[in-house]
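All figures in this text were calculated on a predicted structure; none of them were measured in a lab. Proteins come first, then strands; the chains are lettered A, B, ... in the order of their sequence lines, and each starts at number 1. For the numbers below, each heavy atom of this structure counts, side chains included, while hydrogens, waters and symmetry mates do not.
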Amino acid sequence: MKPAAFEYHAARSVEEAVATLAEVAPDQGRILAGGQSLVPTMAFRLATPEHLVDINGIEELGRLAVEDGVLSIGACVRHAAFHRPVTDGGLGAILTFMAGHIGHYPIRQRGTFCGSLAQADPSSEWCLAAVTLDATITAQSTRGRRTIAGADFIQGIMTTALEDDELLVETRIALPAADTRFGFAEFSRRAGDFALAMALVSFRLSGGVMHDARLGIGGAEDHPRRIPQAEAALDGQPPGSQAFEAAAAAVAAALDPMEDAGTSAQYRRELAQCLARRALESAAESAAA
Amino acid sequence: MDKVLGQSVPRLEDPPLITGRGRFAADINFPHQLHMRVVRSPHAHAEIRSIDTQEALALPGIHGVWTASDIPDIGPVDLRADRAAEVLKPYRQPVLAKGRVRYVGDPVAAVFAEDPYLAEDGAELVAVDYAELPAIVSVDDPLGEFAPGVGTEVAIIPYSYGDTEAAFAAAHAVVELDLLTGRHSGVPMETRGAIGRYDAAKDILELHGAAKVLHRNKETLIRMLGRKPSGLHLYESHVGGGFGIRGEVYPEDVLVLAAAQRFGRPVKWIEDRHEHLMCANQGRQQHHWARMAVDAEGRILAMEDTFHHDQGAYIRTHGVVVPNLTMCLFTGLYRVPAYRARAHVRLTNKTPCATYRAPGRYEASFVRERLMDAAAAKLGMDPIEIRRRNLITKAEMPYTIAFDEPEAKDGEIDSGDYALLLDKTLAHVGWDSLGPELARRRAQGELVGAGIGMFLEEGGLGPSDGARIAVDTEGDVEVITGGASLGQGFETSMAQICAEALGVDYRRIRVIHGQTDRIPYGIGAHAARTTVMTGNAVHATALAVRAKALDVASEILQTPGDELVIADGTVTRRGRATGPSITLGEIAAFLAPASKNRGAHAPGLNAEEFFNTTETVFPYGIHFAVVRIDEETGHVAVERFVVAYDVGRAVNPMLVEGQLVGGCIQGLGGALYEEFAYDPHGQPLAVTFADYLMPTAAEVPDVEVLLTEDAPSPHNPLGIKSAGEGGINGVGAAIAGAIDAAISTPGAVTQLPVSPQRMRELLRDRQA
Amino acid sequence: MTRKHDITLTINGHDHAITVDARRTLADAIRDQCGQTGTHIGCEHGVCGSCTLLLDGVPVRSCLIFAVQCVGVAIRTVEGLAQGDELHPLQRSFIEHHALQCGFCTPGFLMLAVGILENEPNISDADLRAALSSNLCRCTGYANIVKAVRAAADELRAGP
């Protein structure tokens, strides 16, 4: 389990990184950020990049900031940065809660938020967050910068809208209205394992009913996505078991879950339904508190 | 230090291990060494059409590439001498595959390089042309051919006594079950490793990184490599867990030795985790069809069991010991008047199987205890009451289970008070209040329940083991054993036994193990026999040293020997703290070969003694589990787990508890998490630690241990039984019973492990 | 052939000048080229935690990082825990609580625990157990490891 040989390039600036990447991308050049997903696949020689462009030394990519109502997460911001809330209110708390489900403590010290997005594992907590919370992803190459909406960015299992010569430099999440409630639930076989299914929800309350409902499901299909039918079942309804059950049922009906040797589509669907409801319940509890 | 035997003293092993000074296989390096990488079959079953090694050989840093044709003189990995039935020999595994591969991971070629990274590069360049063959993946598949004219059913082994037919005919009720145990294994944290070195100056071939049964492995290896007994030695250093699977002779051990000799350079092989999960011995996978006849009061009249044992692709060093162990104590703690079992030992195109901690027993206990639960349900009896009613009583001890088949080894149970342990277990868990409490929680909608698994173990199989003890002139003691240490605290427990008998501080005792050049015999560490056999050998030897010391001291101190005592390494008169005394170091100096005072005494304060026995010991235990099930996700949480175990006599209770708790968590892994699954083509699905799910600290309960010493063995002076397998034996049984109870569906669990998805299926079946 | 890199690794305060291929993992480099074999390799894919050590004060898997990435970084391994003959409180606690059997996973657990307690000295029992679920042990069943770390945490918090 020793990786195949590669050339190592330590970039000192974003410009240098994208310039090198442009050069080596045609020869299976890749970005090395936290490496917590890439290096294991290299150990199994499932990935054999001939060049790695290490961006860990680029100071500006470590930037994590809240400005003008936007949470900006640089390419080298580690999962552990979210161990404590990065912003006040429900968003900071839910990201902290979600971070606790990512791998294990040492993995979170090294793995990065943006790297998870670029990896696009169907079970990634951050991919679910990016999709559900409408994150904006900034990609840079020698051809310039562009932004991509979260829902467009993740296209399938390990497949993103990123071009081979593009570096994901930053993810931006607009801060939600202060009264937004969040809930998250996931199920995995053991602590730290990839989730078999997970749900992230948010809604606002006014006049005793929910609105601006968002409900995303990850881990069940080949990429995370919001479930509009479930969101429709929430908007305009008072929070409570009736609306939550209806939304959860809508999740079950809408999903076309993945199937693998150990996990049937039916089981994943049942899990997603249960987790959607539990996430809603925890959002409601946070509203009560 | 007064009394040390039976005390939870700190371990001698710990200081180097906690400071990073341990020496595990991968930590061993010799100058000028080569690194070996094995090219393995990607197919479950295929013909090898051709192998092209040219490209690999052309890579800089590659020293050589071997295929089967490079080692024509080396036969298949041999069975241990005591297991070498003729019928098994055709099924042995070649060191490198010849013409055909039979599981994913089967060694096909070996690459030798200057560096492990380069070795792996070279292995990727070995081009093998395969023609795939149909794979047998399930042990229930139609039989096939292992080789032309050689079928895949290796043996059908019977165990029986009594008239089962009449018993079933006369039964008040019969329960019949179809049960599966899943494939899992020991998976120690240290992968395997082997370093071969040829000492040309001495003409000795050395195997470093060896473990478990070094002397037996030496016999196998000298046979396979044509060496003289004095020309091959095995060396154990630190061993990162064994659990039965490490320390058998595997193809890689043979390869590094042969290569070291041929190349004249040390050859190092460190297994990687991917290889480990495909190639190291697996176990447990059996399909049972069992039935039991009972009378109206729930008394057992007969048990019958037929099972398919999934042996995987080859017969490895153990032969067919696992199916034998499944059958020989199948009846457990119960009085069973008639019994009939048949093991169908079958090959599949999967990783070969052999012994994993409590081999055969975990499987048998699951089946037997499922039968007990089924009978209780059928008769409307309490599951604990039906067990109690059938327990062999203390008055019946010693109790013999004698089989009709001459080759089947009878069980001669030495001692036990099973009902007493059951009483103690129920008292410990507070069953009088816990039972109603669980019922109350169930009535409120919680899926909680308790299950119980009772089991018999056997350990301490002889026939003989010895030890050598020498005291030096500083009074420090060296104990040389043929035992082996796999992390269980062997050095500490042997030192305690020696310290107690000899009267020295156990911390002044150095225990040698796993060095075939220090002692020509040794039982190693397997089948829970180390503490019994080696422990009693150390005890006997220490007593002999003591006798010699007192003999000399008596002469020097002018005091009759029976008035002398040894404490803390010093001989004094009994009851006199002051007065004449002599240390063991001074006695050793007195006995030095050149000592003028020695007189007629044999030189040296030392001895060599053996412990011989034809008897075995039978510890026993009860596992008790409480589980809570999440109805929606199928997650099974273990709220409580109690291991009640009678160890006869504990040398070091802390170490015994450690063994029991660790074993228990492995058992929980096999009951709920761990499974070596394969796809329909025989591709293994659990080849990473993300897929082979060993429990972490987050999944496990704080196991409660109830350690008793109510039934010491009469068969050895220390009364010791064994402890290595008591933590794991009944876990599958207890968890299955607890799940049944939690979902109020007797007989629901028919298969291990109970994954959350399987649990959901059980819940769906229940609703339907 | 790919380029070789001349680098200096600083392990427990000592500099080790070595030459590595880019692909050499930190775990392999410190074991095979710096002679520090206390850090063990158990899976090489980041799950078991046997190779856990501290990089600039935080616990990481040394099998998932390349040696070339660790220039100018303070690396701490199990060999640096004891001060001379004076064991670290966690080491003492592991002995007292019988928190090791074969000892293979022990360096990884010690460094994980050191990292956790240095960063979160007031960690709750539940969070501690969750954090300790990062590493695998096959011998002990974990209970004694959790107890040992808890006891050491209490001792460290109480101060000398």
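At a heavy-atom separation below 4.5 angstrom, chain B is approached by C/V78, C/E79 within residues 65-84 of chain C.
Only the side chain of B/D121 comes within contact range of chain C, with at least one heavy atom under 4.5 Å from a heavy atom of that chain. Contact of B/P695 with chain C is made through backbone and side chain together, with heavy-atom distances under 4.5 Å. Proximity to chain C involves both the backbone and the side chain of B/Q659, based on heavy atoms less than 4.5 angstrom apart. Residue C/S50 touches chain B through its side chain alone, counting heavy-atom pairs closer than 4.5 Å. For B/L668, no part sits under 4.5 Å from any heavy atom of chain C, backbone or side chain. Contacts between C/R31 and chain B at a heavy-atom distance below 4.5 Å involve the side chain alone, from C-beta outward. Contact of B/Y692 with chain C is made through the side chain alone, with heavy-atom distances under 4.5 Å. Neither the backbone nor the side chain of B/V703 comes within less than 4.5 Å of any heavy atom in chain C. Proximity to chain C involves both the backbone and the side chain of B/T19, based on heavy atoms less than 4.5 angstrom apart. Proximity to chain B (any heavy atom under 4.5 Å) is shown, for C/L90, by neither the backbone nor the side chain. Using a 4.5 Å cut-off between heavy atoms, B/L17 contacts chain C through both its backbone and its side chain.
Of the listed residues B/I270, B/L277, B/D702, B/I18, the one with more heavy-atom pairs under 4.5 angstrom with chain C than any other is B/I18. Between chain C and the options B/S8, B/G241, B/G186, heavy-atom pairs under 4.5 Å are most frequent for B/G186. Counting heavy-atom pairs closer than 4.5 Å to chain B, the top residue among C/I95, C/L110, C/N135, C/T106 is C/I95. When each of B/L660, B/V187, B/D27 is checked for heavy-atom pairs under 4.5 Å with chain C, B/D27 comes out on top. Chain B forms the most heavy-atom pairs under 4.5 Å with one residue out of C/L100, C/N144, C/D32, C/D28, and that residue is C/L100. Looking only at heavy-atom pairs under 4.5 Å with chain C, the residue among B/C664, B/G662, B/A690 that has the most is B/G662. Heavy-atom pairs under 4.5 Å with chain C were tallied for B/A26, B/P116, B/G727, B/G489; the largest tally goes to B/A26. Highest contact tally toward chain B, considering only C/C102, C/P107, C/C105, is held by C/C102 [criterion: heavy-atom pairs under 4.5 Å]. The candidate with the highest count of non-hydrogen atom pairs below 4.5 Å against chain B, out of C/A143, C/A130, C/G103, C/G42, is C/G42.
Although no hydrogens or angles enter the test, the distance criterion places no donor-acceptor pair under 3.5 Å between the side chain of B/R11 and the main chain of C/H98. A donor-acceptor pair is defined here as one N or O able to donate and one able to accept, closer than 3.5 Å; no such pair exists between the side chain of C/Y142 and the backbone of B/E699.
Within the 4.5 Å cutoff, no side-chain heavy atoms of B/D14 are placed close to those of C/E96. C/L136 has its side chain within reach of B/T696: a pair of non-hydrogen atoms, C-beta onward, lies under 4.5 Å apart. Residues C/V47 and B/T688 are not in side-chain contact: their nearest non-hydrogen atoms beyond the backbone lie 4.5 Å or more apart.
Rounding to the nearest 0.5 Å places OH of B/Y117 at 8.5 Å from CG of C/D21. We find the NE2-NE2 distance between C/H45 and B/H274 to be 9.0 Å, quoted to the nearest 0.5 Å. Summarising the geometry, atom CZ belonging to B/R273 is positioned 11.5 Å from atom SG belonging to C/C63; distances are rounded to the nearest 0.5 Å. To the nearest 0.5 Å, atoms SG (C/C43) and CE (B/M189) are separated by 7.0 Å. Here B/L486 contributes atom CG and C/Q101 contributes atom CD; the two are 11.0 Å apart, rounded to the nearest 0.5 Å. The CZ atom of C/R138 sits 15.0 Å away from the CD atom of B/E190 when rounded to the nearest 0.5 Å.
Contact detail for B/V700 and C/R129: the closest heavy-atom pair is O-NH1, 3.6 Å. Nearest heavy-atom pair across B/D272 and C/E44 is CB-OE1, 3.7 Å.
The ring pair (Phe, Tyr, Trp, His ring centres under 6.0 Å) search around B/F24 returns B/H238, C/H40, C/F104, not counting sequence neighbours.
Within 6.0 Å of the CZ atom in B/R21, the count of heavy atoms belonging to other residues, nucleotides or ligands does not exceed 12.
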